[in-house]
Amino acid sequence: MRIDVLTLFPEALEPVLASSIVGRAVESGIASIACTNFREFARDKHRTVDDRPFGGGPGMVLMCEPVFDALEHVEAGHEGQASTRVLLTPQGERLTQRVAQELSQEAWLVLLCGHYEGFDERIRTGIDAREISIGDYVLSGGESAALVLIDAIVRLLPGALGGESSAHDDSFTDGLLEYPQYTRPREFRGMAVPDVLLSGDHGSIEAWRREQRIERTLARRPDLMQDRRDEGRK
Ligand code: 6GU
């Protein structure tokens, strides 16, 4: 998968994208990720990318020209391929595991990071982009949201998690939270590992884990339980 990120702060994204699972996926060629700075496409000598809003009001608004120019430049480098454009905005569709799964099927994503105060509405209406929000709270810019989205997508790409681990039994993949995990020591400050996990009985362990997942989901996220019922799952 190819991912282009259009942003005012590539230097904030690059070290995170080079670390951990995402960094390893890039190194092994599973994903290729490039950041492009809107500011390189500013048209004046001050490299202006934002301006005061028409009609007045606080803050600055990201301008059309540098965004359209950056997008067209990035896409012109790959003539003939179709990109899927994603605009990161608190007004977008909420990111869920399902949305991440859908986007992980695409060959080429172009992510556009919004700006503190907002962007010119014609960026939204003039670019055919899927608009995505990572949750109901306000971030200063779309950059941290883009990192969240990239992490959620890249770890779903075949081979990204490596070894025997897989995203298949993650929380949310089937609408349930994860079961609790333990490692050595068997007892820590008076807290013991549940006996069943030490029993060697794989059938009982599997049953216990399933029970734990259902119990936890009911207790902590009854909304997820309802979603499962609505989708007709067992
Ligand atoms: Cl994508 N951007 C901003 N600025 N704030 C957000 C968001 C995105 N998603 C949730 N809050």
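For this chain, numbers begin at 1 and follow the sequence in order. Read the numbers this way: they start at 1 and go in the same order the structure lists the ligands and their atoms. Just so it is clear, the structure is predicted and the values come from calculations on it, not from any experiment.
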Heavy-atom count around Asp128 CG within 6.0 Å, excluding the residue itself: above 12? no
Is the number of heavy atoms from other residues, nucleotides or ligands under 6.0 Å of His73 NE2 greater than 12? no
Ligand 1 atoms nearer than 4.0 angstrom to some heavy atom of Thr89 are 1 (Cl), 8 (C)
Atom 2 (N) of ligand 1 sits nearest the protein heavy atom Pro90 CD, 3.5 Å
Does even one non-hydrogen atom of Ile132 get within less than 4.0 Å of ligand 1? yes
When distances are taken from atom 10 (C) of ligand 1, the protein heavy atom at minimum range is Gly135 O, 3.0 Å
Does atom OH (Tyr137) have a neighbourhood of more than 12 heavy atoms from anything else shown, all under 6.0 Å? yes
Does the salt bridge (charged side-chain N to carboxylate O under 4.0 Å, His left out) test come out yes or no for Glu121 and Arg124, once each step is laid out? CA-CA 5 Å; Glu121 180 67 5; Arg124 201 183 62 73; 2.5 Å; yes
Near Glu206 CD, under 6.0 Å, is it more than 12 heavy atoms from other residues, nucleotides or ligands? no
Output, in order, the C-alpha distance, side-chain angles, deciding distance and verdict of salt bridge (charged side-chain N to carboxylate O under 4.0 Å, His left out) for Glu106 and Arg130. CA-CA 13 Å; Glu106 303 291 347; Arg130 187 162 180 177; over 6 Å; no
For ligand 1, which atoms, with element, lie under 4.0 Å from some heavy atom of Ile134? 9 (N), 10 (C)
Donor-acceptor side-chain pairing of Glu143 and Thr7 below 3.5 angstrom: yes
Distance filter under 4.0 Å to Ala145 heavy atoms, resulting ligand 1 atoms: 1 (Cl), 8 (C)
of all protein heavy atoms, closest to atom 5 (N) of ligand 1 is Leu139 N, 3.1 Å
For atom 11 (N) of ligand 1, grab the closest protein heavy atom and report residue, atom and distance to one decimal in Å. Tyr137 O, 2.6 Å
Leu88 to ligand 1: N or O pair under 3.5 Å? no
Would Gly114 count as a contact residue for ligand 1, given that I'm defining contact as a non-hydrogen atom of the residue lying under 4.0 Å from a ligand atom? no
